[in-house]
Amino acid sequence: MFRPRVRRRRGPRAGLAAVALAFAVAVTGCGTAEQAHLDGGPSPTLTEFTPRIGLLLPDTHTARWETFDRPLIEAKVEQVCPGCTVDYANAEGGVAAQKQQVDSMITAGVDVLILNPVDARALSSAVAKAVNAGIPVISYDRLADGPISGFVSFDGRQIGRLQAEALLKAMGPKADGGRIVMMNGDPADPNATALKRAALEVLNGRVRIAKSYDTDRWRPEIAHANMAGAIAALGAGSIDGVYAANDGLARGVISALKANFVEPLPPVTGQDADLGAIRRIISGEQYMTVYKPFKPMADAAAEMAVALGRGDPPDAIAPQGGGEATLRGVPAVQFAPIPVTVRNVRDTVVRDGMYTIEQICTPKYTSACAKAGLTV
């Protein structure tokens, strides 16, 4: 729930529009020299004003928002701007709730907003309202409609391709002419649209898409119901693979497959590297996920927010600024995703400190972890 604070002195906003338009940095992968400061290196020197930052995330059923994104953004803000405050709210999947949260942030006097929209199009008027109040808006993870000042995310089209390529590999000989079910994300989310289009570019002409569903608000229980319907229509033994757009949908899909006694389970994709998904991969229930190292992304959003909130020039967080703007002219920082299967769990999410072996390998997964080489 959003907790209003006493309105503080507002920072200088003169020239913010020009700053936002000039603010351009394109990144094709994590750990590049241009982004070294985002991974713990020295941060640029900024002015003394401590802006108040609003952070609005879309839901709680996607584990990453509360587990990783929120604490990482808050920690980076504190690191680069001691004394800066972060006002936080989660929309719990509600468009109306998020619009009200934007209004509350405006009233409370935030200096900049980091927004992950529940519905990109529906939030466009709220974005415009904030900007008209002199508050720049950074679109986080999902590209919001409206006059945003920056965008921080991963390459959605690359994620879709990685998922589809992995599914074909897992299907083996059945990749040529086999039947799959597509469990896509929320059509109101531009990321879901990008994922779907990119996946289809890989899958079309190779497999038969027997059923395809768009999943409102990315809700796992909807994916479960849709998958149960697909099994009833197609037959338990007639599904050779499932494209699931994220790990929450994969969870719903797999629970429906198991409830309908489908054995062996067909390969199922995912995204976000949720802890539950990593365990399902270790145990053989889910074939893969896509790991998106959240810290560089959260760091970029935090530094961008501090800079824009202060009205600082682009080189405050982009020493190599002036690069080519992307995504309909919106300055953007994008990072490269990483596919994860049982073969590289240790070299990705464990090596990067996202999860420990102990977190993954609970007693239920002792045998699977040993077989995967995660434990001695």
Side-chain angles (χ1 to χ4, degrees), residues 2 20 23-27 30 35 38 51-60 62-77 80-81 84 86-93 95 97-99 101-102 105 110-124 126-127 130-131 135-156 159 185-186 188-192 194-195 217-218 246 271-272 292-309 317-318 326-328 330-335 337:
F2 171 68
F23 199 143
V25 54
V27 178
C30 299
Q35 298 298 311
L38 298 179
R52 184 175 181 178
I53 298 166
L55 173 61
L56 299 178
L57 296 180
D59 61 65
T60 54
T62 302
R64 58 169 286 194
W65 306 131
E66 298 288 340
T67 304
F68 295 106
D69 297 81
R70 176 190 177 183
L72 287 170
I73 289 171
E74 291 175 338
K76 189 63 178 182
V77 168
V80 301
C81 184
C84 280
V86 178
D87 292 355
Y88 174 69
N90 190 300
E92 301 283 351
V95 172
Q98 195 165 61
K99 286 182 177 180
Q101 289 164 357
V102 173
M105 294 282 184
V110 301
D111 297 291
V112 60
L113 272 177
I114 301 172
L115 170 68
N116 186 321
V118 174
D119 183 320
R121 184 172 299 175
L123 266 293
S124 62
V127 171
V131 172
I135 302 169
V137 177
I138 298 166
S139 191
Y140 185 74
D141 190 73
R142 301 171 182 171
L143 183 60
D145 286 356
I148 60 173
S149 296
F151 178 50
V152 179
S153 187
F154 287 83
D155 186 340
I159 293 170
D186 187 345
D189 178 356
N191 282 358
L195 291 169
R217 293 172 292 166
W218 294 88
N246 80 352
Q271 174 193 182
D272 289 335
K292 302 180 295 186
F294 303 130
K295 188 177 187 304
M297 181 171 149
D299 286 355
E303 294 217 25
M304 187 183 289
V306 171
L308 288 176
I317 72 162
T326 61
L327 299 164
R328 69 170 190 256
V330 176
V333 181
Q334 289 187 284
F335 298 93

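In this structure the side chain of Arg70 never reaches within 4.5 angstrom of the side chain of Asn90, judged on heavy atoms. Contact of the Pro117 side chain with the Pro58 side chain is not registered, since no non-hydrogen atoms from C-beta on lie closer than 4.5 Å. Put simply, the side chain of Tyr88 reaches to within 4.5 Å of the side chain of Leu57, judged on heavy atoms. Side-chain contact between Asp59 and Arg217 is absent, with no heavy-atom pair separated by less than 4.5 Å. In this structure, the side chains of Phe335 and Pro293 stay at 4.5 Å or more apart for every pair of heavy atoms. Using a 4.5 Å cut-off on side-chain heavy atoms (C-beta onward), Asp145 and Val127 make no contact. By the 4.5 Å heavy-atom criterion applied to side chains, Phe68 and Lys292 are not counted as neighbours. Within the 4.5 Å cutoff, no side-chain heavy atoms of Val112 are placed close to those of Met304.
In this structure, Asp141 and Asn116 approach most closely via the heavy-atom pair CB-ND2, 3.3 Å. Scanning both residues, Ala120 and Leu143, for their nearest heavy atoms gives CB-O, 3.5 Å.
Side-chain atoms of Asp111 come within 3.5 Å of backbone N or O of Arg52 as a donor-acceptor pair.
Atom CZ of Phe294 and atom CZ of Phe154 lie 7.0 Å apart (nearest 0.5 Å). One finds the CD atom of Glu303 at 11.0 Å from the CD1 atom of Ile138 (value rounded to the nearest 0.5 Å). Note: Met297 CE to Lys76 NZ = 15.5 Å, rounded to the nearest 0.5 Å.
When the side-chain contact (heavy atoms from CB on, under 4.5 Å) test is applied to Val95, the partners found at least two apart in sequence or on another chain are Lys99, Val118, Asp119, Ala122, Leu123. Residues passing the side-chain hydrogen bond (donor to acceptor under 3.5 Å, both in side chains) test with Thr67, sequence neighbours excluded: none. Here Asp189 pairs with Arg142, Trp218 under the side-chain hydrogen bond (donor to acceptor under 3.5 Å, both in side chains) rule; sequence neighbours left out.
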